[in-house]
Asker: 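Sharing a structure with you now.
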Amino acid sequence: MWLSLVLLLVLLLLAGVRRVYLGLFAGRSPNPFSQDVKRPPAPLVTDKEARKRVLKQGVTPSRTTFSMHALLVNHYLQGAFYPRGGSSEIAFHIIPVIKQAGGAVLTKATVQTVLLDSAGKACGVRVKKGQELMDIYCPTVVSNAGLFNTYEHLLPESARCLSGVQQQLQMVRPGLSMFSVFICLRGTKEELGLQSTNYYVYFDINMDKAMERYISMPREKAVEHIPLYFVASPSSKDPTWPGRFPDRSTLTVLIPTAYEWFEEWQEEPQGKRSHDYETLKSSFVEASISMILRLFPQLEGKVESATGGSPLTNQFFLAATRGATYGADHDLDRLHPYVMASIRAQSPIPNLYLSGQDIFTCGLMGALQGALLCSSAILKRNLYSDLKDLGSRVRAQKKIM
């Protein structure tokens, strides 16, 4: 199926909220976010004026706001947390919380549509389990699939044309597509000299012009003019990695790309696309390896394997519209006060709520904030105040201990 996503249906009673908070990690493995990673070293772009003109979160400087840049920089200044054990730990820790509150989590049950009652209110979802279709009814439906997936694919035809739905869709567009490269290395992080930090590698201080020139190029030429590489070593950030995968390390590289370069192969099956598609993918992988060896010459001869993921890969595995892993483009139009006020957790469909990065800002932290806003809207309760109060009690308890 084109859509591989998980739609979480969480029904929380007001009386159960405090119990869920206080029991979050009780009796389970430690909070995977409780330890900070190392603060990044000096940036590769050292000129302060030049750093103001670089790409952040998939948006070029002239097309975004200072507040967006400030949010991202503040996040990194605070340390940029990484979960011990990898991103799967987020699901492992939240699933018991959902079950404790009386909920259930389904996997490999692709959502086909949001169910509407005779009054046009959301009343559940239809999922495909194997070859069977099952209807799951509930008083509140929460979608973290993003604006485009929810409105253009999950709503019934009768609801897609509603003025409120169309108005919100016209306010946004998919963000920049990304190409991912996953590199396996022989050796530990100490042997390879890898650090638990993120690198933004730029080849031009005017990112607006560089990106405009790059995206407008033919795909065969573009790979020779990549203006930005994002590089990180997930294995170096995870203290549990050496015990799970001894003598191996990893690097992840992200490259901005145009969806149009890969669009002609979108109808071909995942994993079985034509030779020309694989050749184009390989060119981006090879360019990434070449850049990595220039940046980290000590890795020469240590690359065991490298796998590329195109915007079509993102679309298949993440249900990311047009390969945009950051969801709706967070440009100046998206961050206009009217648009920000219009796109919120409450959708134009009664009882259907939106969560995730499209109703706040992009990235993991933006998605978490979107979840808080959504939960607050459903419960009609300010969960930010609850979290602040909880934080005070936790700090007081630590002092006593």
Asker: Should the pair Glu260-Arg322 be classified as a salt bridge under the 4.0 Å nitrogen-to-oxygen rule?
Answerer: yes

Asker: Do side-chain atoms of Lys281 reach the backbone of Gly308 as a donor and acceptor pair under 3.5 angstrom?
Answerer: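 At least one qualifying donor-acceptor pair exists.
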
Asker: If only atom types and distance count, is the side chain of Ser249 paired as donor or acceptor with the main-chain N or O of Gly187 below 3.5 Å?
Answerer: yes

Asker: Where is the tightest heavy-atom contact between Met211 and Leu176, given as atom of each residue plus distance?
Answerer: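 Scanning both residues, the minimum pair turns out to be CE-CD2, 3.7 Å.
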
Asker: Apply ring-ring contact (aromatic ring centres under 6.0 Å, His included) to residues Tyr214 and Phe203 and explain how you reach the verdict.
Answerer: CA-CA 12 Å; Tyr214 167 66; Phe203 297 93; over 10 Å; no

Asker: Does anything in residues 353-397 form a ring pair (Phe, Tyr, Trp, His ring centres under 6.0 Å)? List the pairs, not counting sequence neighbours.
Answerer: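 Residue pairs with at least one partner in residues 353-397: there are none.
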
Asker: If we check side chain to side chain contact (heavy atoms under 4.5 Å, CB included) with Arg334, which of these qualifies: Val339, Asp329, Thr361?
Answerer: Val339

Asker: Show the numbers, then the answer: is there a side-chain hydrogen bond (donor to acceptor under 3.5 Å, both in side chains) between Tyr277 and Glu268?
Answerer: CA-CA 10 Å; Tyr277 170 77; Glu268 296 182 4; over 6 Å; no

Asker: Under 3.5 Å, side chain of Ser290 to main-chain N/O of Ala287, donor-acceptor pair present?
Answerer: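 Between the backbone of Ala287 and the side chain of Ser290 there is no qualifying donor-acceptor contact (under 3.5 Å).
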
Asker: Is there a donor-acceptor contact under 3.5 Å from the side chain of Asn314 to the main chain of Thr325?
Answerer: no

Asker: OG1/Thr321 to CD/Gln315 distance, rounded to the nearest 0.5 angstrom?
Answerer: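 Spacing of OG1 (Thr321) from CD (Gln315) equals 7.0 Å.
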
Asker: Examine distances only and state if a side-chain atom of Ser235 and a backbone atom of Thr250 form a donor-acceptor pair shorter than 3.5 Å.
Answerer: yes

Asker: Can you tell me if His153 uses its side chain to pair, donor with acceptor, with the backbone of Asn149 under 3.5 Å?
Answerer: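 Checked: no pair found.
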
Asker: Are there more than 12 heavy atoms of other residues, nucleotides or ligands under 6.0 Å from atom CE of Met134?
Answerer: no

Asker: Does any donor atom in the side chain of Lys237 or Asn198 lie under 3.5 Å from an acceptor atom in the other side chain?
Answerer: yes

Asker: Under the 3.5 angstrom rule, does the side chain of Trp261 hit a backbone N or O of Met217 as a donor-acceptor pair?
Answerer: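 It does hold such a pair.
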
Asker: Counting N and O atoms only, with roles assigned by atom type, does the side chain of Ser216 sit under 3.5 Å from a partner on the main chain of Arg213, one being a donor and the other an acceptor?
Answerer: yes

Asker: Within this structure, what is the CD-SG distance for the pair Gln346 and Cys374, rounded to the nearest 0.5 Å?
Answerer: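 Between atom CD of Gln346 and atom SG of Cys374 there are 8.5 Å.
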
Asker: Using the side-chain contact (heavy atoms from CB on, under 4.5 Å) rule, take Leu251 and Leu194 through it: C-alpha gap first, then chi angles, then the decisive distance, then the call.
Answerer: CA-CA 9 Å; Leu251 285 175; Leu194 299 177; 4.3 Å; yes

Asker: Measure the CG-CZ distance between Leu254 and Phe182 for me, rounded to the nearest 0.5 Å.
Answerer: 7.5 Å

Asker: Tell me whether the rings of Tyr200 and Phe230 are parallel (<30°), tilted (30 to 60°) or perpendicular (>60°).
Answerer: perpendicular

Asker: In Å and rounded to the nearest 0.5 Å, what is the NE2 to OG distance from His336 to Ser342?
Answerer: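 Going from the NE2 atom of His336 to the OG atom of Ser342 covers 10.0 Å.
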
Asker: Is a donor on one side and an acceptor on the other found under 3.5 Å between the side chain of Ser347 and the backbone of Leu352?
Answerer: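 Indeed, once roles are kept as given, a pair shorter than 3.5 Å links the two residues.
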
Asker: Tell me, with the steps shown, if Arg248 and Glu304 meet salt bridge (Lys or Arg N to Asp or Glu O under 4.0 Å).
Answerer: CA-CA 9 Å; Arg248 290 295 184 273; Glu304 189 167 83; 3.0 Å; yes

Asker: I'd like to know if the side chain of Arg160 and the backbone of Glu152 have a donor-acceptor N/O pair within less than 3.5 Å.
Answerer: yes

Asker: Crowded around Gln397 CD? As in, over 12 foreign heavy atoms under 6.0 Å?
Answerer: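 No, because the 6.0 Å sphere around CD of Gln397 holds 12 heavy atoms or fewer from other groups.
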
